[in-house]
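Below is one structure, written out as structure tokens, with a few remarks after it.
Residue numbers start from 1 in every chain, and the chains themselves are labelled A, B, ... in the order their sequence lines are given, proteins ahead of strands. Computed from a predicted structure; not experimentally measured.
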Amino acid sequence: MKRLLAPRTLFLSLGLLWLLAIWLSLALGPVSLPFVDTLRAGLRLLGAPIAGQGLEQAELIVGQIRLPRTLLGLLVGAVLALSGVAMQGLFRNPLADPGLVGVASGAALGAALAIVLGSGFGGLPEALAPYLLSLCAFLGGLGVTALVYRLGRHNGRTSVATMLLAGIALTALAGAGVGLFTYLADDATLRTLTFWNLGSLNGASYQRLWPLLLVVCVVALWLPRRAQALNALLLGESEARHLGVEVETLKRELVFCTALGVGAAVAAAGLIGFIGLVVPHLLRMLVGPDHRLLLPASLLAGGTLLLFADLVARLLLAPAELPIGIVTAFIGAPFFLFLLIKGRG
Amino acid sequence: MMRRPSVLIALCASLVFAAVAQAEPLPQRWVSAGGALSEWIAALGGEARLVGVDTTSQHPESLKALPSIGYQRQLSAEGILSLRPDVLVGTEEMGPPPVLAQVRQAGVRVELFSSKAELTAVDENLKHLGTLLGAEQRASTLASDYRQRIQALQAAIGQAKTHQQAPGVLLLVGHGGGKPMIAGQGTAGDWLVQQAGGRNLAEHDGYKNVSVESLAGLDPEVLVVSDRALTGDAAVQAMLKENPGLSASRAARDGRIVVVDPTLLVGGLGPRLPEVLQSLARAFYPQGNVSFKP
């Protein structure tokens with residue numbers, strides 16, 4: 001595969017786009033703030049000694065609403081894209097998506113369980129409800145992925161093909177479980193469930209960023225260490241083994257990182273599709289298949305793309321808001337089709 | 001001796017605070033996230049103060065021209081703040097909680113109301129709204145009027161029940177014909193049927209699809225149809241055409257089919273309810289003189 005861009009150009013432009021996305025995400029929203037106010041509020045948040053008179057509104061909007069939301073978008077986008085790279089590397093297939101190992105459907109099942117049973121017990125305590133939902137989603141994703149991995153193992157070897165099939169079967173099973181909970185749910189619960197399935201960065205707060213930050217750090221630091229091994233895996237499993245890669249360990253790490261990363265992202269923002277599929281795909285076209293470039297580039301591009309999608313989500317119907325999963329699918333699916341058609345001709 | 005002056009100071013302080021509390025200006029810019037609440041606000045003459053409503057606020061018709069803040073459970077903090085409201089009113093269904101916290105933090109009053117289907121909830125909600133709108137008098141008139149009408153209707157239904165058994169009723173929520181959902185126990189639809197003196201034949205909980213066979217087996221005497229896409233006769237015809245099991249029922253044979261507005265079934269008791277209850281009760285007890293005034 002030829003590369004279209006030199007690495008230096010790529011990272012420079014990705015970095016600039018990343019910063020632009022952050023700035024726009026802080027500067028734009030249904031409340032229109034003067035440019036100068038956003039800048040001053042931003043600088044004050046960074047600790048710059050600027051007089052805060054007349055800035056209360058801007059500081060609140062930028063500091064308490066837009067900044068946590070922007071950070072959430074950066075983290076979720078980054079970890080989804082990284083997991084996409086890991087899965088496409090593991091399955092040696094550019095169409096692989098973090099959903100293949102069952103993490104998204106498991107998380108959806110966990111969330112449905114929390115939402116429906118929570119309301120069945122007369123509603124959870126207000127303070128606890130969001131955490132329980134996130135925890136159930138996270139554990140559901142982790143549990144189903146662990147099961148998929150376990151089913152793929154035989155005689156100390158992990159068969160990727162078996163994992164793929166087990167992933168499909170368990171996804172269907174989890175889907176049936178979600179369907180059952182949907183049937184049991186009352187009207188109000190149904191709406192909550194539907195919206196959760198479409199994802200949103202709405203209502204982000206600093207307290208809820210910490211667990212995600214921790215997970216993203218682990219994934220973002222771990223995966224690049226295995227970039228060379230992922231490159232070797234591209235040649236095939238036995239080739240990688242001959243090159244001295246501990247293939248079984250690598251597979252376990254890839255599955256674990258994906259489950260952890262996507263599980264945490266879904267727990268924080270609901271199901272957001274297409275980022276994990278499109279971002280690595282696009283970047284591979286731009287810089288080639290070398291994972292040493294692909295991983296850090298995906299980290300930047302994933303966050304950037306999700307922030308742009310979120311801008312659409314919050315501005316298009318303002319003062320109401322569109323679930324972000326709709327936006328990413330509307331951008332992602334046609335783009336994917338475009339790639340397909342272009343690749344064919 | 002130290003006691004007295006401190007008590008006096010406390011008294012003065014509380015008087016001052018009370019005065020301050022009273023002097024707090026009434027909220028002028030309102031955002032409402034609840035269908036029934038928006039209707040009550042309009043009924044209390046506060047429609048001009050509304051600057052935004054949620055998607056469940058469909059009545060009166062003029063509310064649809066206002067900016068929409070989305071669905072009541074999926075509000076956006078910045079979206080609401082962009083309308084520069086003084087107060088956000090909604091029911092306990094309003095959310096998500098982090099967004100409400102952000103709205104409060106921005107200095108917007110968030111006032112919560114009950115969406116329970118109870119007359120006491122109507123009393124309390126009206127009193128609360130009346131205070132916020134500065135229309136206490138009108139609110140208490142509306143509340144007592146509402147209570148009286150419902151109670152008179154209940155009395156008339158009780159009277160009618162001595163001559164006629166409570167009819168078996170099914171309430172169907174459909175969408176352009178299609179497969180209708182049946183209002184089961186504990187739903188707003190169930191409440192509506194019961195209050196109008198009907199006996200809900202559905203035994204399941206919540207709104208569920210029920211097989212055509214078991215519908216035919218229930219053989220309802222009256223059908224209440226609430227369609228989200230069609231209104232009036234069109235809704236009835238579409239529903240009967242799609243569900244042959246129902247067209248053979250006593251209700252269809254005797255033409256005892258009533259249509260109600262689906263927006264009535266969302267978000268607590270609204271001002272249009274007594275009229276609807278009366279029309280339902282008249283359909284349930286055609287012989288009885290069922291009205292607000294016995």
Expected contact set for residues 176-183 of chain A against chain B at heavy-atom separation under 4.5 Å reads Y183(A)

Write down the atom of L80(A), the atom of I275(A), and the distance for their closest heavy-atom approach.
CB-CG2, 4.0 Å

Closest heavy-atom contact between V79(A) and A265(A)?
CG1-CB, 3.6 Å

Flag yes if more than 12 heavy atoms outside F330(A) fall under 6.0 Å of its CZ atom; otherwise flag no.
no

Heavy-atom cut-off 4.5 Å, strictly under: side chain, backbone, both or neither for E93(B) against chain A?
neither

Could you list the donor-acceptor pairs under 3.5 angstrom formed between side-chain atoms of residues 55-62 of chain A and any protein atom two or more places apart in sequence or on another chain?
{"from": "E59(A)", "atom 1": "OE1", "to": "R44(A)", "atom 2": "NE", "distance (Å)": "3.1"}
{"from": "E59(A)", "atom 1": "OE2", "to": "R44(A)", "atom 2": "NE", "distance (Å)": "3.3"}

Less than 4.5 Å to any heavy atom of chain A: does that hold for the side chain of L100(B), its backbone, both, or neither?
neither

Atom CZ of residue position R104(B) - does it have more than 12 heavy atoms of other residues, nucleotides or ligands inside 6.0 Å?
yes

Would R191(A) and Y71(B) count as a cation-pi pair here, with the cationic atom under 6.0 angstrom from the ring centre and within 45° of the axis?
yes

Under 4.5 Å from any heavy atom of chain B, what part of R69(A) do you find: side chain, backbone, both or neither?
neither

Part of L190(A) within contact of chain B (heavy atom distance under 4.5 Å):
neither

Cut-off 4.5 Å, heavy atoms of chain A, and the answer for L83(B) is side chain

Residue selection (most heavy-atom pairs with chain A, distance under 4.5 Å) from M181(B), Q105(B), Q72(B):
Q105(B)

Of all heavy-atom pairs linking A202(B) and G184(B), the shortest is CB-CA, 4.1 Å

Flag the one option from A77(B), G186(B), A101(B), A106(B) with the top tally of heavy-atom pairs under 4.5 Å to chain A.
A106(B)

Mind checking the OG-CG spacing from S25(A) to L20(A)? Nearest 0.5 Å is all I need.
10.5 Å

Please verify the inter-ring angle class for W23(A) with F35(A); under 30° counts as parallel, over 60° as perpendicular, anything in between as tilted.
perpendicular

Of all of P67(B), S68(B), G206(B), which one pairs up most often with chain A through heavy atoms under 4.5 Å apart?
S68(B)

With respect to V224(B), which candidate in V173(B), I257(B), L171(B) satisfies the side chain to side chain contact (heavy atoms under 4.5 Å, CB included) definition?
L171(B)

